[in-house]
Protein chains: 2
Amino acid sequence: MPPVFKPIRPKKLSEEIVTQIKNLIANGDLKPGERIPSERELAAFLGVSRPSVREAIMVLEAMGFLESRQGGGTFVRSLTERSIADPLASMVERRDPRMLQALTEVRMGLETWSAYLAAKRAEDSEIARLRELYEVMEEQAGSGGWDPKIDAEFHLTITAATHNTLQVHVLDTIQTLFQTTIMVTLGEFYTKEGYIELLLNHHREILEAIAAHDPERARQKMMEHLTLVEEKLALFLQRERPDTA
Amino acid sequence: MPPVFKPIRPKKLSEEIVTQIKNLIANGDLKPGERIPSERELAAFLGVSRPSVREAIMVLEAMGFLESRQGGGTFVRSLTERSIADPLASMVERRDPRMLQALTEVRMGLETWSAYLAAKRAEDSEIARLRELYEVMEEQAGSGGWDPKIDAEFHLTITAATHNTLQVHVLDTIQTLFQTTIMVTLGEFYTKEGYIELLLNHHREILEAIAAHDPERARQKMMEHLTLVEEKLALFLQRERPDTA
DNA sequence: TCCAGTAAGGTGGTATGACCTTTTAGCATG
DNA sequence: CATGCTAAAAGGTCATACCACCTTACTGGA
């Protein structure tokens, strides 16, 4: 069975309607603010039942293309805003503390593993790059600053040093979620609370463990580092949202 | 007019249902791959009509949380499926040995982390479940058999015991990639080569470490176990495809 | 004993039609 | 001309029925 034959798709009726309406909007036949025909009319035009049309409209509404008002009609929304985010992002973006905690924890698992693998396989050039980044951190720390970007790149470089494409991909996905939500805020938090010196030490220890090709120690140090991050994040979330069951 | 009065929002029934189901997924009450109650059952539970439930499911399907199969049922999708699996699916399907090796390695990182967390948080019921599964393994091993399904469920149960929804989803995604390619074949390989006794020991040690709530030991034992799996996989791939660039 | 073919029940998919609430717009009244 | 009422029309909900498909278990044969 060399070929995958075909991804047979018994296309659902409502899916077909969704595509049609989406095309109409894309072509400009339906303009923003405009009212589309009523569900009954659409059903008649398309020769399908009203529930089918309704399901299609519900989907388009969920995707942000349409907006329905009872008694009013269904209208085309301006598509400047909306972007149908993927499930993961929509879960995390709710700022649900438990979800953020889960995210941090997964990241901890992946990054400690990255550190472990990196210590086994890092090439000299990669270690040199880490050292560069560390020196930038040190310099900035001298003037009391902390750049989340440099921090992120440091971690990213470590993962890259695993030479595992998948690991890089997975962690990048997680990292993106993290970054878009809190990374920056957390950076400010560090600065204000005077954790910079401690963070600097952590990164130096991680760097040294990797440079020494000592997987276990690298894992251990990364663990210590991220445990601190997790604690501070919990503290931060608690302050911002004291209302938790 | 100091008070803006109130932006009265007539809450749609289906929207309410969407929120409820989304929360169930976020809480981990609905796990990836799991089948949710039928539309008729849900309608009965919630005290609403089937069309309302259907609309909610359609929306969740459009958002990527669910997947419906006619005649089959409606299933929970991995939150990370889109962001992680989809881009990689084509790569893994090629049976590219390097990619499989990378996959195994990522899995190793995640599963050792699961074992660590599970040892910290596993509840008695979960430990009991693991024990059950182990006993089934033991029994089957007596007659010289090895069921990849039981094996997979054992590992899945451990991850579930982390009580980290995200970890469950991420690992499910990885596991799916794995399973669709080799899991079964690997099972036959074990049987033929007489590794069953060793595998049984591994699982018992992991189980005991988790039951004793000893995170470090659980991690260590899981690591040993998966290291063996990795070795055998490499051996297997080498035999089947001696042609490697 | 095992396996294949088949039959039945359950599932989602679609269709019909009815009734409700809300909105809208036209109309009648002051 | 303005106001308030009313009726038509829109979406929202519900009940029901039937269809297509998958799953399962049973039964028959090898």
Between [X] and [N], is there a side-chain N or O to OP1/OP2 distance below 4.0 Å?
X     : N      : result
A:R54 : D:dG12 : yes
B:S52 : D:dC14 : yes
B:T74 : C:dT11 : no

Taking atom [atom2] of [N] as reference, at what distance in whole Å does atom [atom1] of [X] sit?
X     : N      : atom1 : atom2 : answer
A:I17 : C:dT14 : CD1   : P     : 8 Å
B:R69 : C:dG10 : CZ    : C1'   : 14 Å
B:M58 : C:dT11 : CE    : P     : 19 Å
B:E39 : D:dC19 : CD    : P     : 18 Å
B:E67 : C:dG13 : CD    : C1'   : 16 Å
B:Q70 : D:dC19 : CD    : P     : 13 Å
B:F75 : C:dG10 : CZ    : C1'   : 12 Å
A:L42 : D:dA10 : CG    : P     : 11 Å

(message) Quick check: on DNA chain C, is the nucleotide nearest A:G47 upstream (toward 5') of the one nearest B:I36, or the reverse? Name the residue that is more 5'.
(response)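 Result: B:I36.
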(message) Quick check on DNA chain D: between B:R40 and B:S49, whose nearest nucleotide comes earlier from the 5' end?
(response)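 Per heavy-atom nearest nucleotide, the more 5' residue is B:S49.
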Side chains of [X] and [Y]: do they bring a donor and an acceptor to under 3.5 Å?
X      : Y      : answer
B:H202 : B:E224 : no
A:S114 : A:T162 : no
A:T74  : A:E67  : no

(message) Less than 6.0 angstrom from the centroid, inside 45 degrees of the normal: does B:R69 satisfy that with respect to the ring of B:F75?
(response)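 Here B:R69 passes the 6.0 Å and 45° test against B:F75.
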(message) When you measure from the side chain of B:N27 to the backbone of B:D29, do you find a donor-acceptor pair of N or O atoms at a distance under 3.5 Å?
(response)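 Absent.
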Compare the minimum distances between each of [options] and the side chain of [X], then state the nucleotide with the smallest one.
X     : options                : value
B:P51 : D:dG12, D:dC14, D:dT13 : D:dC14
A:L13 : C:dA15, D:dG12, D:dA10 : C:dA15
A:S68 : D:dC21, D:dA10, D:dG12 : D:dG12

(message) Is it the case that D:dG12 (base atoms only) and A:R50 (side chain only) share a donor and an acceptor within less than 3.5 Å, ignoring hydrogens and angles?
(response)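 Result: at least one qualifying N/O pair found.
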